[in-house]
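To start, the structure under review is shown below, and the notes come after it.
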Protein chains: 2
Amino acid sequence: MAALKYSRQREAIKEFLLSRKDHPTADMVYTSLREEYPNLSLGTVYRNLSLLADRGEILRLRVGDGTDHFDADVSPHYHFICTGCGSVIDLEMENIDQIEDIAGVNFNGQIYGHVTYFYGKCGACCKRELS
Amino acid sequence: MAALKYSRQREAIKEFLLSRKDHPTADMVYTSLREEYPNLSLGTVYRNLSLLADRGEILRLRVGDGTDHFDADVSPHYHFICTGCGSVIDLEMENIDQIEDIAGVNFNGQIYGHVTYFYGKCGACCKRELS
DNA sequence: TCTAATATCAGTAATCATTACTGTTTATTC
DNA sequence: GAATAAACAGTAATGATTACTGATATTAGA
């Protein structure tokens, strides 16, 4: 893997992602960083997010709302998407990699990985509906 | 749920999906049906696919390649996406709904469902790489 | 069966997220 | 400190999808 040339923009993008737990989209990254870097370009945000995702430094989440979300936490974990407010929340749960073995039983190819998203109502939305 | 007015186009779209096992995209539906219905509109295809998906008559699959795929088989089953050729294949596997219980252990909201895609090399791509 | 009401259609324009292009700036190397 | 090339800002282009508009076709009622 070729070495990257340092850039303040990429550094700021990764710093920003590390500081957040809410899995921002490219546009959210752009809008937020614009305050500190007024002439940051949206193309730069997209290019660096893809670059970092390709290198495995961040995760690209396709949660189904049509726009990609990003996560700087690359440790194995799962995500929950609230159908009420759309928020993307980390789940702390035990490993379920055995589902790949289950899926492979009647399959004649090779399974290398899986992506799972859980859907429902988040705690805040549940609470709001009660009142 | 309001009753739908019959339309030959919607009928043809659903018939087409039922006849296929390869989970076509909107554009694939449009291109194929155009042979029989030369003045079918792409907008009609999109509108009816969304309509059918909203009513639960078909499934919308967001496999991660940027375009939605559709499946007329609404019985519970899982999908495999080949990273070699991009094909979307049905998996015959035992139920893994218990992962929702596992996910809910340390979570303060309600989990109503999950979406799982398995990734890897399909049988044909495995074979091709050997030769 | 005829007609009115309206859902659906075809065709096209608009939107949105994302990517590609171009000339300029900036980090690295010597 | 100058040469090289990666990365940038700004903008144009792309591709999937949605929205709009006037025409057509299905359904319900007379």
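Letters go in sequence order (proteins before strands), and every chain restarts at 1.
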Inset, instruction - Find the distance B:Tyr37:OH to C:dT8:P and express it as a whole number of Å. - result: 17 Å
Inset, instruction - Please determine, for the side chain of B:Gln9, which listed nucleotide (D:dA7, D:dT18, C:dC9) has the closest atom? - result: C:dC9
Inset, instruction - Have a look at B:Asp68 and say if it touches a base, only the backbone sugar-phosphate, or nothing, with a 4.0 Å heavy-atom cut-off. - result: sugar-phosphate
Legend entry - Distance in angstrom units between A:Asp54 CG and C:dT19 P, rounded: 10 Å
Legend entry - Geometric class of the A:Phe118/A:Tyr78 ring pair [parallel <30°, tilted 30-60°, perpendicular >60°]: perpendicular
Legend entry - 5' precedence on DNA chain C between B:Arg34 and B:Arg10 (nearest-nucleotide basis): B:Arg10
Legend entry - Atom pair distance, as rounded to whole Å: CZ in A:Phe70 and P in C:dT18: 7 Å
Legend entry - Any donor-acceptor N/O pair under 3.5 Å between D:dA25 base and B:Lys5 side chain: no
Legend entry - D:dT26 phosphate, OP1 or OP2, under 4.0 Å from B:Arg8 side-chain N/O: yes
Inset, instruction - Using a cut-off of strictly less than 4.0 Å, decide whether A:Thr44 has a side-chain nitrogen or oxygen near OP1 or OP2 of D:dA9. - result: yes
Inset, instruction - Mark yes or no for whether B:Arg60, through its side chain, and B:His69, through its backbone, hold a donor-acceptor pair below 3.5 Å. - result: no
Inset, instruction - Tell me whether the centres of the aromatic rings in B:Phe107 and A:Phe80 are closer together than 6.0 Å. - result: yes
Legend entry - Spacing between B:Lys14 atom NZ and C:dT8 atom P, to the nearest angstrom: 15 Å
Inset, instruction - Look at the side chain of B:Thr83 and the backbone N and O of B:Gly120, then say whether any donor-acceptor pair between them is shorter than 3.5 Å. - result: yes
Legend entry - Spacing of B:Ile13 atom CD1 relative to C:dT8 atom P, expressed in whole Å: 12 Å
Inset, instruction - Let me know the distance between CD of A:Glu11 and C1' of D:dA7, rounded to the nearest Å. - result: 14 Å
Inset, instruction - Please report, rounded to the nearest Å, how far the C1' atom of D:dC8 is from the CG atom of A:Leu49. - result: 15 Å
Inset, instruction - Please work out which of the three classes, parallel, tilted or perpendicular, describes the rings of B:His79 and B:His23, given edges at 30° and 60°. - result: perpendicular
Inset, instruction - Return the nearest nucleotide to the side chain of A:Asn48; candidates are D:dC8, C:dA7, C:dA17. - result: D:dC8
Inset, instruction - Mind checking A:Arg62 for me? I need base, sugar-phosphate or nothing, with any heavy atom below 4.0 Å counting as a touch. - result: nothing
Inset, instruction - Name the closest nucleotide to the A:Tyr6 side chain, picking from C:dT28, D:dT17, C:dA10. - result: C:dT28
Inset, instruction - Starting at atom CG of A:Asp27, determine the distance to atom C1' of C:dT15, rounded to an integer number of angstrom. - result: 14 Å
Legend entry - Nearest-neighbour nucleotide for the A:Ser41 side chain, D:dA16, D:dG10, C:dT28 considered: D:dG10
Legend entry - Proximity to the side chain of B:Arg47 - top-ranked nucleotide from C:dA27, C:dT8, D:dA9: C:dT8
Inset, instruction - Using atom types as modelled and distance alone, determine if a side-chain donor or acceptor of B:Arg10 lies under 3.5 Å from a backbone N or O of B:Lys5. - result: yes
Legend entry - Among C:dA10, C:dC9, C:dA17, the nucleotide that comes nearest once only the side chain of A:Tyr46 is considered: C:dA17
Inset, instruction - Please tell me which of B:Thr67 and B:Gly43 maps to the more 5' nucleotide of DNA chain D, matching each residue to the nucleotide holding its nearest heavy atom. - result: B:Thr67
Inset, instruction - Give a yes/no answer on whether the side chain of A:Ser7 brings an N or O atom under 4.0 Å of OP1 or OP2 in D:dC8. - result: yes
